[in-house]
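I have placed the structure first, in the form of structure tokens, so that the comments after it can refer back to it.
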Amino acid sequence: MGLKEMNIKEDKFLPRLIAFEVTRTCNLDCIHCRAAASKGPYEGELTTEEIFRILEEIREVSQPIIILTGGEPLLREDIFDIAKKCIELKLKPVLATNGTLITEKIAQKIKNSKIARVSISLDGATKETHDNFRKMPGAFEGAIRGIEILKKQGIPFQINTTITGINVEELPKIHELVINLGAIAHHIFVLVPVGRGKEISKESITPEKYEEILTWFYGRREKSHLQLKATCAPTYYRILREKAKAEGKKVTFETFGLDAITRGCLAGTGFCFISHIGIVQPCGYLEISCGDLRKQTFKEVWESSEIFNNLRDFTKYKGKCGKCEYIRICGGCRARAYEATGDYLEEEPLCLYEPIRSKIIFAN
């Protein structure tokens, strides 16, 4: 019995989330930064008019959430014009920032532009850990100050945490801090060693620790009452279903929210990344060009990219991922596979799971 005979149904793949790197310029030099972003300046960044045109082209395809990211997006003078353009087009803008540049005036502009949510990164429960990550003394205090200003303005915010061997043992304390700060969500990101992250690749967590963290994170669902999301950690969606089954729970939208209808790795299927110069990638960590929006429309790239279409054909996945019964739910981290093997269709290197379905395949 081959994979094509296992009733893997076709989907209509539409972008639901797009990370738009509106600038690569940043005021920090974080040790794990996928873009190795610094203060710049960076030549050839998209103009306001180009970004507006790209947003209009995106709207012709779907109505995704647009993550305005960087670098540090608040360093872009037209960032609120961009956000307002998203609103005009009935797209949903959210802002990903390190938080250190948020002032009362900036927060008011965020509110007026109708940005739906702000994400701020905290990679430590203390200034020592966080400032070491961010390579700037005062980064922790700056982020906390920014969070307090957002709260004062009534702007919803979430906390993002990148997990490495440096801060993994601090994760429970970071999570408690997130709760105490009044965030509405906590998103964890497992390090993908790209950009400056390659320099700390030796600090990547082990497969065993990866499984342990994600199991712990699942256990926080009903205890923390936050929206929890694991990113660059598609194994979480297999663990979620295993744990739910063991607990006699049915995974439905009513019981598990968006986790019930999404999959682990969305690269090229429901998500893509647009760089500061208009290059489209499956995600920010999978540094393969799928098209150039200065030469092609977004629709052309989204629908015609060979890489995107390969990622949507689960029968092309290799190794354990290609044989796994959770292929549609998890999919394995395509960026981590690419960094480990040079092939974005290879198996997820951090996954410990041995597929049951592979035994069926080999038995036949």
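Heads up: numbering here begins at 1 and tracks the sequence.
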### Task
Locate the shortest heavy-atom distance separating S113 from F80; write the atom from each residue and the value.
OG-CD2, 3.8 Å
### Query
Taking all non-hydrogen atoms of both residues, which atom of F20 and which atom of L46 are closest, and how far apart?
CE2-CD1, 3.7 Å
### Query
Would T297 and E57 count as having a side-chain donor-acceptor pair, cut-off 3.5 Å?
no
### Message
Test your reading of the model: is there a side-chain donor-acceptor pair from K320 to the backbone of Y353, 3.5 Å cut-off?
### Response
yes
### Task
Please state whether the rings of F314 and F13 are parallel, tilted or perpendicular, taking 30° and 60° as the class boundaries.
perpendicular
### Query
What is the minimum heavy-atom distance between I327 and C321, and which atoms define it?
CD1-O, 3.3 Å
### Task
Taking S121 for its side chain and N98 for its backbone only, find out whether a donor-acceptor pair lies under 3.5 Å.
no
### Query
Are L28 and K135 side-chain neighbours, meaning at least one heavy-atom pair lies under 4.5 Å?
no
### Message
If we count only N and O atoms by modelled type, under 3.5 Å, do the side chains of E176 and N180 hold a donor and an acceptor together?
### Response
no
#### Entry: ring-ring contact (aromatic ring centres under 6.0 Å, His included) between Y237 and Y326, intermediate numbers included
CA-CA 9 Å; Y237 293 89; Y326 290 103; over 10 Å; no
### Task
May I ask you to check whether N27 and T100 show a side-chain donor-acceptor distance below 3.5 Å?
yes
### Query
Do T126 and E170 touch side chain to side chain, with heavy atoms closer than 4.5 Å?
yes
### Query
Are any of the side-chain nitrogens in R24 or E72 under 4.0 Å away from the carboxylate oxygens of its partner?
no
### Task
Kindly say whether F157 contributes a backbone atom to a donor-acceptor pair with the side chain of R117 at under 3.5 angstrom?
no
### Message
Ignoring hydrogens, what is the shortest heavy-atom contact between H175 and W216? Give both atom names and the distance.
### Response
CB-CH2, 3.8 Å
### Query
So if you build clusters from Ile, Leu, Val, Met, Phe, Trp, Tyr with side-chain heavy-atom gaps below 4.5 Å, do L101 and L122 land together?
yes
### Task
List the atom of N309, the atom of E303, and the distance in Å for their closest heavy-atom pair.
ND2-O, 3.3 Å
### Query
Okay, side chain of E347, backbone of A337: is any donor-acceptor separation there less than 3.5 Å?
no
### Message
If we ignore hydrogens and angles and just use 3.5 Å, is the side chain of R312 paired with the main-chain N or O of G268 as donor and acceptor?
### Response
yes
### Message
For S119, is there any backbone N or O sitting under 3.5 Å from a side-chain donor or acceptor partner on Q158?
### Response
no
### Task
Would you mind telling me which of F271, Y285, F189 makes a side-chain contact (heavy atoms from CB on, under 4.5 Å) with T231?
F189
### Query
Under 3.5 Å, is there a donor-acceptor pair linking the side chains of H186 and T161?
yes
### Query
Does atom NZ of K111 have more than 12 heavy-atom neighbours from other groups under 6.0 Å away?
yes
### Task
Could you please spell out the steps behind the side chain to side chain donor-acceptor pair (under 3.5 Å) verdict for T48 and D78?
CA-CA 7 Å; T48 307; D78 60 355; 2.3 Å; yes
### Message
Do V22 and L89 land in one hydrophobic cluster if side-chain heavy atoms of ILVMFWY residues count as linked below 4.5 Å?
### Response
yes
### Query
Looking just at side-chain N and O atoms, do T315 and D313 make a donor-acceptor pair shorter than 3.5 Å?
yes
### Message
Any salt bridge linking K85 with E88? Criterion: basic side-chain nitrogen under 4.0 Å from a carboxylate oxygen.
### Response
yes
### Query
Would F52 end up clustered with I58 when hydrophobic side chains under 4.5 Å apart are linked, directly or stepwise?
yes
### Task
Show your reasoning for whether salt bridge (charged side-chain N to carboxylate O under 4.0 Å, His left out) applies to E247 and K243.
CA-CA 6 Å; E247 295 167 4; K243 295 296 180 184; over 6 Å; no
### Query
So, the side chain of T269 versus the backbone of L266: is there a donor-acceptor pair under 3.5 Å, distance only?
yes
### Query
With respect to H276, which candidate in E21, R76, E45 satisfies the side-chain hydrogen bond (donor to acceptor under 3.5 Å, both in side chains) definition?
E21
#### Entry: E148/R145 salt bridge by N-O under 4.0 Å criterion
no
### Task
Kindly give the heavy-atom pair with the smallest separation between D131 and G138, and that separation in Å.
OD2-N, 3.0 Å
### Task
For the pair V94 and V118, evaluate side-chain contact (heavy atoms from CB on, under 4.5 Å) and give the outcome as yes or no after the intermediate values.
CA-CA 6 Å; V94 296; V118 176; over 6 Å; no
### Message
Between D123 (side chain only) and T162 (backbone N and O only), is there a donor and an acceptor less than 3.5 Å apart?
### Response
yes
### Task
Rounded to the nearest 0.5 Å, what's the gap from CD1 on I65 to CG on L91? Could you check?
10.5 Å
### Message
With a 4.0 Å cut-off on N to O distance, would you call E346 and R334 a salt bridge?
### Response
no
### Task
Take F273 and C290 through the test side-chain contact (heavy atoms from CB on, under 4.5 Å) and record every step on the way to the result.
CA-CA 10 Å; F273 171 88; C290 298; over 6 Å; no
### Query
Using 30° and 60° as the class limits, which term best fits the ring planes of F256 and Y218: parallel, tilted or perpendicular?
parallel
#### Entry: Ion pair check, R294 and E50, cut-off under 4.0 Å
yes
#### Entry: Shared hydrophobic cluster for Y344 and I279 (ILVMFWY, side-chain gaps under 4.5 Å)
no
### Query
Side-chain donor-acceptor pair under 3.5 Å between E348 and Y317, yes or no?
no
### Query
Under a single-linkage definition using a 4.5 Å side-chain heavy-atom cutoff for Ile, Leu, Val, Met, Phe, Trp and Tyr, are L68 and I87 assigned to the same hydrophobic cluster?
no
### Message
Tell me whether K151 contacts the main-chain N or O of L181 through its side chain, where contact means a donor paired with an acceptor under 3.5 Å.
### Response
yes
### Query
Side chains of K105 and K109: closer than 4.5 Å at any heavy-atom pair?
yes
### Message
Measuring only between side-chain heavy atoms, which start at C-beta, is I120 closer than 4.5 Å to L150?
### Response
yes
